[in-house]
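Contents: one structure, followed by commentary.
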Amino acid sequence: MVTRIVDLRSDTVTKPTEAMRAAMASAEVDDDVLGYDPTAFRLETEMAKTMGKDAALFVPSGTMGNLISVLVHCDVRGSEVILGDTCHINIFENGGIATIGGVHPRQVKNNDDGTMDIDLIEAAIRDPMGELFYPTTKLICLENTHANSGGRCLSVEYTDRVGELAKKHGLKLHIDGARIFNASVALGVPVDRLVQAADSVSVCLSKGIGAPVGSVIVGSKNFIAKARRLRKTLGGGMRQIGILCAAALVALQENVGKLESDHKKARLLAGNCHTVLDDSMRSPDGLNEVKGLRVDACSVETNMVFIDIEEGTKTRAEKICKYMEERGILVMQESSSRMRVVLHHQISASDVQYALSCFQQAVAVKGVQKEMGN
């Protein structure tokens, strides 16, 4: 019988804290569709100030926040957005910018660190002389942190360069900042400076900082006015949302300061960042030291760890995940040979050590050893 649950599937699985529940219970509310919810107003004002933008808008989800942002910037059907081929908007948001907005995604290869080469971005911008044949480039999208690259951070210098490129060509820049606070903490750069070059940013409240529901998009007053209308069109206008915004305000006050601890726990689980020359140099310090598993500990910058099963082994990710679940450890299977774990403020150092020991046991029991002849 499982008596201990360590949920590493995502940072979206956190439960509201007692402080959040108390704030939700006592939240002052009104009708936000009519623009009168005072707690929503407090959250939006605080987020706009924190992000260094003029205005903000609460939305039910990050997917809706990104969709609204793209549609505001690409207000003519047949517009085009340049984005990374492995970014969240392109892969995990149901193709909404195309199916709902009529916006064409122009994919540029993401590098291992989540960036796109500046020259490739510029080469992807359509020549206005070809408007009879081509979509019209309107927008560039970045993602920070970049989830499919393992939670890697885009530097402020890189973001500024993309912003300068956008301005040079009369384009807008949107940042999918679902985990932008993680990036800010990891880079040691104030979050408003990190997104200074962006015309709009979406920030998830229910990922890194652990609120139960929602995202916020920020930008100019004109941008947010248009975004508010689109939110209503998409069914995202809600009434007494102060109940949700109250929890988000607690998350902003209490959990941003815990992100560095989450990052440290991720590095503890991944193991030491060094080059392993041969198996004799491995030690039981982290997942990167477990035979049969491969973790690039040097790429762990925030709260994500990707775990690959080495080629030629006798097991698959599904079996390891099942073994772990039987012991109360919940892990996200990415493919037949890859798993993902995400650390958050409700995972302790003791939980990390327990998870590590269970991974080690799973390897031993499931025989994750390289095939040696017959």
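For clarity, every value in this text was computed on a predicted model and none was experimentally measured. In this chain, residues are counted from 1 in sequence order.
With values rounded to the nearest 0.5 angstrom, Ile329 atom CD1 is found 7.0 Å from Ser357 atom OG. Distance check, rounded to the nearest 0.5 Å: CG of Leu139 to SG of Cys74 gives 4.5 Å. Taken from CG in Leu43 to OG1 in Thr50, the straight-line distance is 9.0 Å, to the nearest 0.5 Å. Residue Thr86 holds its OG1 atom at 9.0 Å from CZ of Phe92, rounded to the nearest 0.5 Å. The structure places CG of Leu83 at 7.0 Å from CE of Met116, a figure rounded to the nearest 0.5 Å. If you take CG on Asp160 and CG on Leu165, they are separated by 12.5 Å, rounding to the nearest 0.5 Å.
No hydrogens or angles considered: a donor-acceptor pair under 3.5 Å links the side chains of Glu93 and His88. Checked by atom type, the side-chain pair Ser220/Asp54 shows no donor-acceptor distance below 3.5 Å. No side-chain donor from either of Asp199 and His174 sits under 3.5 Å from a side-chain acceptor of the other. Inspection of the Asn66 and Ser69 side chains reveals no N or O donor paired with an N or O acceptor under 3.5 Å. In this model, a donor atom of one side chain and an acceptor atom of the other lie less than 3.5 Å apart for Asp117 and Asn111. A side-chain donor from one of Ser350 and Arg4 sits under 3.5 Å from a side-chain acceptor of the other.
Side-chain atoms of Glu301 never come within 3.5 Å of backbone atoms of Ala186 as a donor-acceptor pair (strictly under, hydrogens ignored). Although no hydrogens or angles enter the test, the distance criterion places no donor-acceptor pair under 3.5 Å between the side chain of Ser79 and the main chain of Asp75. A donor-acceptor pair under 3.5 Å is absent between the side-chain atoms of Asp32 and the main chain of Gln240, judged by distance alone. Side-chain atoms of Arg231 never come within 3.5 Å of backbone atoms of Met64 as a donor-acceptor pair (strictly under, hydrogens ignored). A donor-acceptor pair under 3.5 Å links the side-chain atoms of Lys53 to the main chain of Val195, judged by distance alone. Judged by distance alone, the side chain of His169 and the main-chain N or O of Leu171 form no donor-acceptor pair under 3.5 Å. Judged by distance alone, the side chain of Thr137 and the main-chain N or O of Arg126 form a donor-acceptor pair under 3.5 Å. Ser215 contributes no side-chain N or O that, together with a main-chain N or O of Gly65, makes up a donor-acceptor pair within less than 3.5 Å. No donor-acceptor pair under 3.5 Å is formed between the side chain of Ser10 and the backbone N or O of Val13. The main-chain N or O of Glu143 is never found under 3.5 Å from a side-chain atom of Asp176 such that the two would form a donor-acceptor pair.
Annotation for Asp85: atom CG counts as buried by contact number, over 12 foreign heavy atoms lying within 6.0 Å. Other residues, nucleotides and ligands place no more than 12 heavy atoms under 6.0 Å from the NZ atom of Lys172. In the displayed structure, Tyr158 atom OH is contacted under 6.0 Å by more than 12 heavy atoms of other residues, nucleotides or ligands. Atom CZ of Arg327 sits in a crowded spot, with more than 12 heavy atoms from other residues, nucleotides or ligands closer than 6.0 Å. Heavy atoms of other residues, nucleotides or ligands lying less than 6.0 angstrom from CZ of Arg106 number more than 12. In Glu318, the CD atom is not crowded: 12 or fewer heavy atoms of neighbouring residues, nucleotides or ligands sit closer than 6.0 Å. Within 6.0 Å of CD on Glu326 lie more than 12 heavy atoms contributed by other residues, nucleotides or ligands.
Just one residue in the list Asn303, Thr302, Asn182 forms a side chain to side chain donor-acceptor pair (under 3.5 Å) with His263, and that residue is Asn182.
Of the charged side-chain nitrogens involved, at least one lies within less than 4.0 Å of a carboxylate oxygen, so that Asp308 and Arg338 count as a salt-bridged pair. Looking at Arg267 and Glu260, a side-chain N of the basic residue comes within less than 4.0 Å of a carboxylate O on the acidic one, giving a salt bridge. Look at Lys168 and Glu122 and you find a salt bridge, because one of the NZ, NE, NH1 or NH2 atoms lies within 4.0 Å of a carboxylate O, short of that distance. At a threshold of 4.0 Å, the pair Glu80-Lys138 does not count as salt-bridged, since none of the basic side-chain nitrogens sits closer than that to a carboxylate oxygen. With respect to the salt-bridge test (charged N to carboxylate O, under 4.0 angstrom), the residues Asp11 and Arg179 qualify. Taking a cutoff of 4.0 Å between a charged side-chain nitrogen and a carboxylate oxygen, Asp7 and Lys15 do not qualify as a salt bridge.
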Please step through side chain to side chain donor-acceptor pair (under 3.5 Å) for the pair Asn288 and Asn272, ending with a clear verdict.
CA-CA 8 Å; Asn288 67 333; Asn272 295 325; over 6 Å; no
Please test Glu325 against Val331 for side-chain contact (heavy atoms from CB on, under 4.5 Å), starting from the C-alpha separation and ending with a verdict.
CA-CA 8 Å; Glu325 184 175 0; Val331 178; over 6 Å; no
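Through chains of ILVMFWY side-chain contacts below 4.5 Å, Val342 is grouped with Met304, Phe306.
Of all the heavy atoms in Lys265 and Ser348, the pair that sits closest is CD-C, 4.1 Å. Of all heavy-atom pairs between Cys141 and Ile89, the closest is SG-CD1, 4.1 Å. Taking each heavy atom of Asn255 and Gly210 in turn, the nearest pair found is ND2-CA, 4.3 Å. Contact between Leu194 and Ser155 at its shortest, heavy atoms only, is CD1-C, 4.3 Å.
One hydrophobic cluster, built from ILVMFWY side chains closer than 4.5 Å, holds both Ile175 and Phe58. Linking ILVMFWY residues whenever their side-chain heavy atoms come closer than 4.5 Å, directly or via other members, leaves Val33 and Leu234 in distinct clusters. Both Ile241 and Val218 belong to a common hydrophobic cluster when Ile, Leu, Val, Met, Phe, Trp and Tyr are linked at side-chain heavy-atom distances under 4.5 angstrom. Put simply, Val216 and Met20 are part of two different groups of oily side chains (I, L, V, M, F, W, Y) that touch within less than 4.5 Å, one to the next. Both Tyr354 and Leu268 are members of a single hydrophobic cluster when ILVMFWY side chains are connected at heavy-atom separations under 4.5 Å.
In this structure, Asp262 and His345 have side chains that are in contact, with non-hydrogen atoms separated by less than 4.5 Å. For the pair Leu330 and Val6, the minimum side-chain heavy-atom distance is 4.5 Å or more. Between Ile217 and Val201, every side-chain heavy-atom pair lies at or beyond the 4.5 Å cut-off. You'll find the side chain of Thr63 stays beyond 4.5 Å of the side chain of Asn94, heavy atoms only. Side-chain atoms of Arg152 and Ser299, non-hydrogen and from C-beta on, do get closer than 4.5 Å to each other. In this structure, the side chains of Asp112 and Ser149 stay at 4.5 Å or more apart for every pair of heavy atoms. Met339 has its side chain within reach of Phe359: a pair of non-hydrogen atoms, C-beta onward, lies under 4.5 Å apart. Side-chain contact between Leu230 and Lys226 is absent, with no heavy-atom pair separated by less than 4.5 Å.
Every ring pair (Phe, Tyr, Trp, His ring centres under 6.0 Å) that Phe223 has, sequence neighbours left out, goes to His73.
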